[in-house]
Amino acid sequence: MSRDFSGYPVLSGSDLAAGMDFAVEQILHVLPEFTEKFEKAYSEDGFYQPTDNEDWTTGFWTGEIWLAYEYVLENPGRFEKGAAARLKAAGLTQVDSFYDRIVNKRLVDHHDMGFLYSPSCVAAYKLTGNDKARKAALLAADQLLTRYQPKGEFLQAWGPMGAKENYRLIIDCLNNLPLLYWASSEAGDQKYRDIAEKHIHTAVKSVIREDYSTWHTFFFDPETGEPDHGATCQGYRDTSVWARGQAWGVAGLATAYRYTGRAEYIPLFEKVTEYFLEHLPEDLVPYWDFTFTDGSDEPRDSSAASIAACGMLEMSRYLPEEKAAYYTDLAKKLMKALYEKYTVKSFEESNGLVLHSTYSKKSPYNTCHPAGVDECNIWGDYYYMEALTRLSKDWKQYW
Ligand code: GLY
């Protein structure tokens, strides 16, 4: 690594406590509005509107509730009486909604079953033993298997199965796979794990470029399954580096190593992470695409910093002491940067947690629909809390 991060401050214990205290207070404050409903994928002028359980993102809101629940159980004196019970009841109300969604197959024909069901239902099952949550998550794992394309050996991200214009995987999907590993051990059935491993193998071979930057999406030939070409949807252009895509790669490789134990994923994780870190601007919070850096007036994607921090903290669990300390230190520096300059400080400012995230910004070259530019994004809030939680204890992952 050529860049020197030694002068950056780390998140302190008191920052961490203050960050989690405010996050939990914010969640308790908005809970009445967001128990039957969910926070939308992105805020508008800093405020999330309520939405039904329809998008790929609703699991992150329920995940925030579960992280808050854990924190309140551990720090009961810091919050209103009955806070843990309120959070648990809200989380379980949302589990009912996720159960209903998967049983009725409402807007589930895509690959985002892990993002939806791990932080909501797997979390609920692990924390409360709720059986409906377990059933819902197992059904979601079955649904994810239906996205598998044997020709090419990958899980197709979006769109009608087999259509040439949709015959692709996306880097984000590595983070949907823990649901399959969980289902394999929970159901005692190898089939989920087998598909997950095939997808990981294909994804790792295709989305990582020679310089360890990443493609957002990668197409395959539907006739032969042969790798075809990389392309972007949400990055600036096909050949640029979408900051959140690179962060999904950092987190996804940590997860891939965790579940497969394949030694060759360690140097890949290190190189993809190095690319991410080397391309951060001075304040450590990336612009939405690495085409842009200091001096640009393009928006940031603060969520990419939290996702990468979670990936580094996950990988630290499996690395020798010195390397683990190195990545933990970097994660604490990214979180300090977010905490100091990017987080919401009052209920009046926003009903979210982390400002300056970018969901999808239209460029002259990409194919996305613009949404949530320079706003709070629900996964940005979730991963911020997850990173703080990881830093506060030996966290039992939802993923
Ligand atoms: N996984 C979709 C996104 O990051 O926008």
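Residues: numbered from 1 along the sequence shown. Counting starts at 1 for both ligands and their atoms, following the listed order.
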Problem - Salt bridge flag under 4.0 Å for residues Lys336 and Glu340 - result: yes
Problem - Test of proximity, Gln234 against ligand 1: N or O pairs below 3.5 Å - result: yes
Practice task
Output the list of atoms in ligand 1 that are nearer than 4.0 Å to some heavy atom of Tyr359, sorted by atom number.
Solution key: 5 (O)
Practice task
State whether Arg106 and Asp100 are salt-bridged, where the test is any N-O pair (Lys NZ or Arg NE/NH1/NH2 against Asp/Glu carboxylate O) under 4.0 Å.
Solution key: yes
Practice task
Would you kindly check if the NZ (Lys) or CZ (Arg) of Lys333 is within the cone defined by 45 degrees around the ring axis of Tyr327 and under 6.0 Å from the six-membered ring centre?
Solution key: no
Practice task
Salt-bridge test for Glu274 and Arg3: reply yes if a basic N is under 4.0 Å from a carboxylate O, no otherwise.
Solution key: no
Exercise for the section: May I ask you to decide whether Glu25 forms a salt bridge with Arg78, counting only side-chain N to carboxylate O separations under 4.0 Å? Expected result: no
Handout entry: Protein contact of atom 3 (C) of ligand 1 - nearest heavy atom, named by residue and atom, plus distance
Key = Arg244 NH2, 3.3 Å
Exercise for the section: Take every heavy atom of Trp242, measure it against each atom of ligand 1, and state whether any distance is under 4.0 Å. Expected result: yes
Practice task
Using distance alone, determine whether Asp172 and ligand 1 share an N or O pair under 3.5 Å.
Solution key: yes
